[in-house]
Amino acid sequence: FIFQEERYTDGSKWRFLEHKGPVFAPPYEPMPNKVRFYYDGKIMKLSAAAEEVATFFAKMLDHEYSTKDVFRKNFFKDWRKEMTSEEKAIITDLNKCNFSEMNDYFKAQSEARKQMSKEEKKKIKEENERLLQEYGFCIMDNHKERIGNFRTEPPGLFRGRGDHPKMGMLKRRIRPEDIIINCSKDSKQPKPPPGSKWKEVRHDNKVTWLASWTENIQGSIKYIMLNPSSRIKGEKDWQKYETARCLKKCVDRIRTQYRDDWKSKEMRIRQRAVALYFIDKLALRAGNEKEEGETADTVGCCSLRVEHIKLHPKINDQEFVVELDFLGKDSIRYYNKMPVEKRVFKNLQLFLENKQPEDDLFDRLNTSILNKHLQELMDGLTAKVFRTYNASITLQQQLKELTCPDDSIPAKILSYNRANRAVAILCNHQRAPPKTFEKSMQNLQTKIDEKEKQLSTARKQLKAAKADHKASHDEKSKKIEEQLMKLQVQATDREENKQIALGTSKLNYLDPRISVAWCKKYGIPIEKIYNKTQREKFAWAIDMAEKDYEF
DNA sequence: AAGGGGACTTGGAACGACATGT
DNA sequence: ACATGTCGTTCCAAGTCCCCTT
């Protein structure tokens, strides 16, 4: 079995680790003299440090970010820290700053890049390939593995998502002195760039990362880790789905228990049981507490507040309807209105009693309490396992329900995408409709119309041919029919997918063995479902799953 | 139990390369 | 050859969960 050979029992992740360290962002290149900055209408030459930060803002001039108050305030504050005392004395108002020549310059640069000749583009591509070959791989135990991100993040302005209090702050440049290297003692250690030193070199084989640094916005640690195709990531992924399959075996018991707990005398147990019901039924995230003012105000299950929920004893013929409306991860809105069991409803009414909108719905619960309880119900069980389990089981059920054995391959793939879509909707994976959506739908419709015309012409010819007892045009009609059907399927698929993002569920929630088995069962080439990168990530599953695999 | 640090997974958008049609 | 749309890749933020300290 592919993972067994290298598993360690003592919690260590590897015995040998060798790599070249990260690639750093290129140094700042000052603006050419002809590109000027104006303050209050007057030309002003900036010091290199101040100019660099100014260019970060200039690059974002066309973005909505740069008009937001918080963004501008944070930027200006951090920018001033980079100025000389002379600059600081003059530049006191961001509204009097004119970055437009810098902005034009970057636009021209990007245009020039597009206009480069084939040879120039090829040269850049080769240089990138060389860098990848040199720095993009490491040796972990006996394998050469691809590194996920071998570059440090370049400096720039922080762009949080949603209403982020830190948007616009300066993300500082990462230097070798910020980097902790992790590798094995007996490996050839990476060399810092000439004239510099690493912050530290350590040999910790209880972790999987190769290098790390502390980022200055939140003070959190960033890592350089392996690519999803690596053994270490694949094995972890496989384990994740095995845990979810474990839940499948005992989910009935757990559901019976939490339904029972809705009647508990203890408030904390009732809250735990209702929260778990939400996590199971609605696939909500756990909802850790967050430090106020440090991040956007978003919530998950355990951190839901009174203001996020409405109870309707009766609404449009339905009883006991719960309305949830809150911002979840990445400030994506979750909105759902659904009937629940009477007991759940009554409990929720109880939890809401005598509370203010900003109070916690589950005031006797947090993720740590919940996960401790889950751990007792099943080894390795945590809140997120429910999302994985419900996503994967939904895919499997939907595939069973939607696939018609006699359908053509495109029609079967539409069924697959619809099953995938059911999961994405469950997990609330939304996207902004693509900017070109309407137009591309129109184009597709034009193609369909043309194809229909072609078909009717071909059919007329066929009739004529038959009347003449000549050779049949039947083949031709069939071919056009097939093309038409393909286009129609494509249109349906695209329309249904307007605001749904399939990628996240496909990559993180759906046991790939379900898809592999489905492909084998219905003779669909795996390339139709997974692209090259995805096939590399899921190599273990492609290797493992037969057509009768059951999640 | 509270709080913070650390390691790892999950997430949508931006970017850029490539395919396709003209 | 060029423009345009599509799709894969990269980016890096934002979650989860565990562990340690107090």
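Here the structure is a predicted model, which means the values were calculated and not measured. Chain letters run A, B, ... following the sequence lines, proteins first, then strands; residues in each count from 1.
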**OP:** Would you tell me if any nitrogen or oxygen in the side chain of A/Asn371 comes within less than 4.0 Å of OP1 or OP2 on C/dC17?
**Re:** yes
Subject >> Salt bridge flag under 4.0 Å for residues A/Asp511 and A/Lys248 >> reply: no
Original post:
How long is the line joining CG of A/Leu502 and C1' of B/dT10, in whole Å?
Top reply: 16 Å
Original post:
What is the per-nucleotide protein-contact pattern of nucleotides 14-22 of chain B, from the 5' end, where B denotes a base atom under 4.0 Å from a protein heavy atom, S denotes such proximity for sugar-phosphate atoms only, and - denotes neither?
Top reply: S---S----
**OP:** Using only side-chain N and O atoms of A/Arg494, determine if any of them is under 4.0 Å from OP1 or OP2 of C/dT6.
**Re:** yes
Subject >> Length of the CG-P vector between A/Asp330 and C/dC12, whole Å >> reply: 15 Å
Subject >> Integer-rounded Å distance: B/dG11 C1' and A/Lys329 NZ >> reply: 5 Å
Subject >> Sugar-phosphate, base or nothing in reach of A/Asn531, heavy atoms under 4.0 Å >> reply: sugar-phosphate
Original post:
Taking NZ, NE, NH1 and NH2 as the nitrogens, is one of them in A/Glu126 or A/Arg130 under 4.0 Å from a carboxylate oxygen of the other?
Top reply: no
**OP:** For B/dG12, take OP1 and OP2 only and decide whether either is under 4.0 Å from a side-chain N or O of A/Thr504.
**Re:** yes
**OP:** Report yes if a donor N or O on one partner sits less than 3.5 Å from an acceptor N or O on the other, where the partners are the side chain of A/Lys236 and the base of B/dT9; otherwise report no.
**Re:** no
**OP:** Write down the distance between NZ (A/Lys13) and C1' (B/dG6), rounded to a whole number of angstrom.
**Re:** 12 Å
Subject >> Pairs meeting criterion salt bridge (Lys or Arg N to Asp or Glu O under 4.0 Å) with involvement of residues 16-25 of chain A, two or more places apart >> reply: A/Lys20-A/Glu134
Original post:
What is the nucleic acid contact for A/Lys114, judged by heavy atoms within less than 4.0 Å: base, sugar-phosphate only, or nothing?
Top reply: nothing
